[in-house]
Protein chains: 2
Amino acid sequence: MAEQPNSCDSVINDERIVLLGLLAESAARLQRSAGEAMEEQSGIPLAFYEVMVRIRRSEAGRLTMSEVANETVYSSGGMTRLIDRMVDAGFVERVDCPTDRRTVFVALTDAGIAQLEQATEVHLDQLDRLLSSRLSCDERTQLRDMLVKLTAEADALA
Amino acid sequence: MAEQPNSCDSVINDERIVLLGLLAESAARLQRSAGEAMEEQSGIPLAFYEVMVRIRRSEAGRLTMSEVANETVYSSGGMTRLIDRMVDAGFVERVDCPTDRRTVFVALTDAGIAQLEQATEVHLDQLDRLLSSRLSCDERTQLRDMLVKLTAEADALA
DNA sequence: GACAAATAGTTGCAGAAGCAACTAATATGA
DNA sequence: TCATATTAGTTGCTTCTGCAACTATTTGTC
């Protein structure tokens with residue numbers, strides 16, 4: 001049983017704690033909204049899309065399992081299964097690495113590329129409503145820069 | 001099979017898409033780091049902590065199931081089970097609402113309050129390493145303000 | 001060269017979360 | 001007032017995900 005309900009300067013209202021909660025909340029809400037829209041309009045899960053984007057951005061047009069997992073913050077086991085599903089759906093394929101037989105590359109199929117392009121169009125509209133309508137261009141740049149710093153830190157301490 | 005590996009001005013490098021990915025990534029990494037530390041040092045999952053914080057911050061020292069679920073971006077079913085576990089662990093208790101027999105309040109137990117306070121201490125140290133070491137006080141304030149705007153938007157469109 | 005250590009990925013298993021169907025209670029309104 | 005719609009929460013089921021154990025390959029060391 002709780003008494004002394006709350007006090008506004010309590011330690012749980014500490015700026016840092018609020019910030020972490022807010023970061024989690026906004027990421028979750030945004031992903032939920034964007035994910036629902038993508039699923040509806042393009043028929044693919046946002047998780048698929050994020051993987052395809054990372055591969056597409058890569059120099060060689062392919063990434064190793066570890067690389068995709070790391071970039072999208074998945075465990076290796078989780079990524080194995082996610083890629084399984086994407087292979088089943090026909091969006092990506094596994095490609096053996098010729099120089100290291102432990103490594104497996106993941107590359108987009110033609111269908112995957114097409115899907116990615118179609119989904120991106122719709123996605124951008126959605127993001128305009130979710131991001132651009134609330135944050136100015138400058139703010140978005142600032143936000144991005146701060147998140148990059150944060151992520152670098154989390155990376156280093158991981 | 002992918003060709004034309006990437007091009008730096010491609011649409012998938014659009015500022016908005018990058019931003020969403022970054023938001024997801026930084027939230028995930030931060031929660032992972034902070035969650036591991038909390039589990040290790042305080043023995044409780046970060047999800048428990050987040051729920052306890054919301055209840056503690058509330059005016060009345062208690063929230064309905066819906067309120068907790070909404071604030072932490074859970075489904076109602078998911079929250080039912082999360083609270084089940086927290087009740088089992090002895091941190092919270094369900095309290096019937098006297099005026100509406102459909103609603104169920106969730107309140108902290110004494111053990112929950114103690115746990116929350118202990119965990120908060122350790123948590124703050126961790127957050128200093130994860131947040132404060134990389135972002136200045138001003139930046140953190142800016143970040144918070146932008147996330148608030150974003151969340152308000154996601155809310156409205158949900 | 002051979003054995004130990006490290007690395008890449010996959011698999012079994014279990015826990016956590018969402019959806020949809022359900023129960024129960026309250027609000028609406030004809 | 002009684003039927004209907006809405007709201008709050010829980011439960012069954014399925015999917016997703018992480019952890020730990022495992023296999024296979026490569027690297028390092030003696």
Side-chain angles (χ1 to χ4, degrees), chain A residues 24-25 27-29 31-40 43-51 55 62-89 92-107 158, chain B residues 24-25 27-29 31-40 43-51 55 62-89 92-107 158:
Chain A
E25 184 186 345
R29 283 199 202 284
Q31 285 184 100
R32 186 206 262 174
S33 297
E36 274 172 15
M38 182 167 293
E39 194 100 44
E40 262 175 43
I44 59 169
L46 185 56
F48 280 24
Y49 183 83
E50 286 296 334
V51 167
I55 297 173
R62 52 179 169 61
L63 291 174
T64 67
M65 293 295 295
S66 311
E67 286 168 340
V68 200
N70 188 49
E71 289 198 28
T72 51
V73 198
Y74 268 76
S75 70
S76 61
M79 186 48 71
T80 291
R81 261 94 181 214
L82 179 52
I83 297 299
D84 285 346
R85 275 173 269 145
M86 294 184 69
V87 169
D88 289 345
V92 297
E93 58 188 358
R94 284 184 165 92
V95 180
D96 288 338
C97 172
T99 63
D100 186 336
R101 286 174 15 197
R102 290 169 305 180
T103 338
V104 177
F105 290 118
V106 189
Chain B
E25 184 186 346
R29 284 198 201 282
Q31 285 184 100
R32 186 207 265 172
S33 297
E36 276 173 11
M38 182 167 294
E39 193 99 45
E40 262 175 43
I44 59 169
L46 185 56
F48 280 22
Y49 183 82
E50 286 296 334
V51 167
I55 297 174
R62 52 179 169 62
L63 291 174
T64 66
M65 293 295 295
S66 312
E67 287 168 340
V68 199
N70 188 50
E71 288 198 28
T72 52
V73 198
Y74 267 75
S75 69
S76 60
M79 186 49 70
T80 290
R81 261 99 180 207
L82 180 52
I83 296 298
D84 284 347
R85 274 174 271 142
M86 294 183 69
V87 169
D88 289 346
V92 298
E93 59 188 357
R94 285 183 165 92
V95 179
D96 288 339
C97 173
T99 63
D100 185 339
R101 284 172 20 196
R102 291 169 303 180
T103 33
V104 176
F105 291 118
V106 188

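In what follows, chains carry the letters A, B, and so on, assigned in the order in which the sequence lines appear, proteins first and then strands, with residues in each chain numbered from 1. Basis for what follows: all heavy atoms, side chains included, without hydrogens, waters or symmetry-related copies.
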### Message
In whole Å, I'd like the distance from the CZ atom of A:Arg101 to the C1' atom of D:dT23.
### Response
13 Å

### Query
From B:Glu25 CD over to A:Glu71 CD, what is the distance, rounded to the nearest 0.5 angstrom?
7.5 Å

### Whole angstrom value for the distance that separates C1' of D:dC16 from CZ of B:Arg81
15 Å

### Query
Roughly how far, to the nearest 0.5 Å, is CZ of B:Arg62 from CD1 of B:Ile55?
11.5 Å

### Message
Please report the distance, rounded to the nearest Å, between CE in A:Met65 and P in D:dT23.
### Response
19 Å

### Query
What is the nucleic acid contact for B:Thr103, judged by heavy atoms within less than 4.0 Å: base, sugar-phosphate only, or nothing?
sugar-phosphate

### Task
Using heavy atoms to find the nearest nucleotide of DNA chain C for B:Asp100 and B:Met79 separately, return the residue whose nucleotide is more 5′.
B:Met79

### Message
Without decimals, in angstroms, what is the distance between A:Leu63 CG and C:dA8 C1'?
### Response
15 Å

### Query
Within the structure, does a side-chain N or O atom of A:Tyr74 lie under 4.0 Å from either OP1 or OP2 of D:dG18?
no

Pairs of donor and acceptor atoms involving the side chains of residues 76-89 of chain B, under 3.5 Å and at least two apart or interchain, shall be tabulated with distances.
residue	atom	partner	partner atom	Å
B:Thr80	OG1	B:Ser76	O	3.2
B:Asp84	OD1	B:Arg94	NH1	3.0
B:Asp84	OD1	B:Arg94	NH2	3.0

### Summary
Taken to the nearest whole Å, CD1/B:Ile83 to P/C:dG18 is 13 Å

### Message
Considering every strand and a 4.0 Å limit on heavy-atom distances, what is the contact class for A:Arg85: base, sugar-phosphate, or nothing?
### Response
sugar-phosphate

### Message
Nearest heavy atom decides the nucleotide; on that basis, is A:Gly78 or B:Val73 closer to the 5' end of DNA chain C?
### Response
A:Gly78

Report each atom pair, protein N/O against N/O of nucleotides 3-7 of chain C, whose distance is under 3.5 angstrom.
residue	atom	partner	partner atom	Å
C:dT7	O2	A:Arg102	NH1	2.8

### Query
For the pair made of CG in B:Asp96 and C1' in D:dT10, what is the distance, rounded to whole Å?
14 Å

### Task
Could you tell me which non-hydrogen atom of B:Ala27 sits nearest to which non-hydrogen atom of A:Ala27, and how far apart they are?
CB-CB, 3.6 Å

Sort me out a list of protein N/O and nucleotides 2-5 of chain D N/O pairs below 3.5 Å, or just none if empty.
none

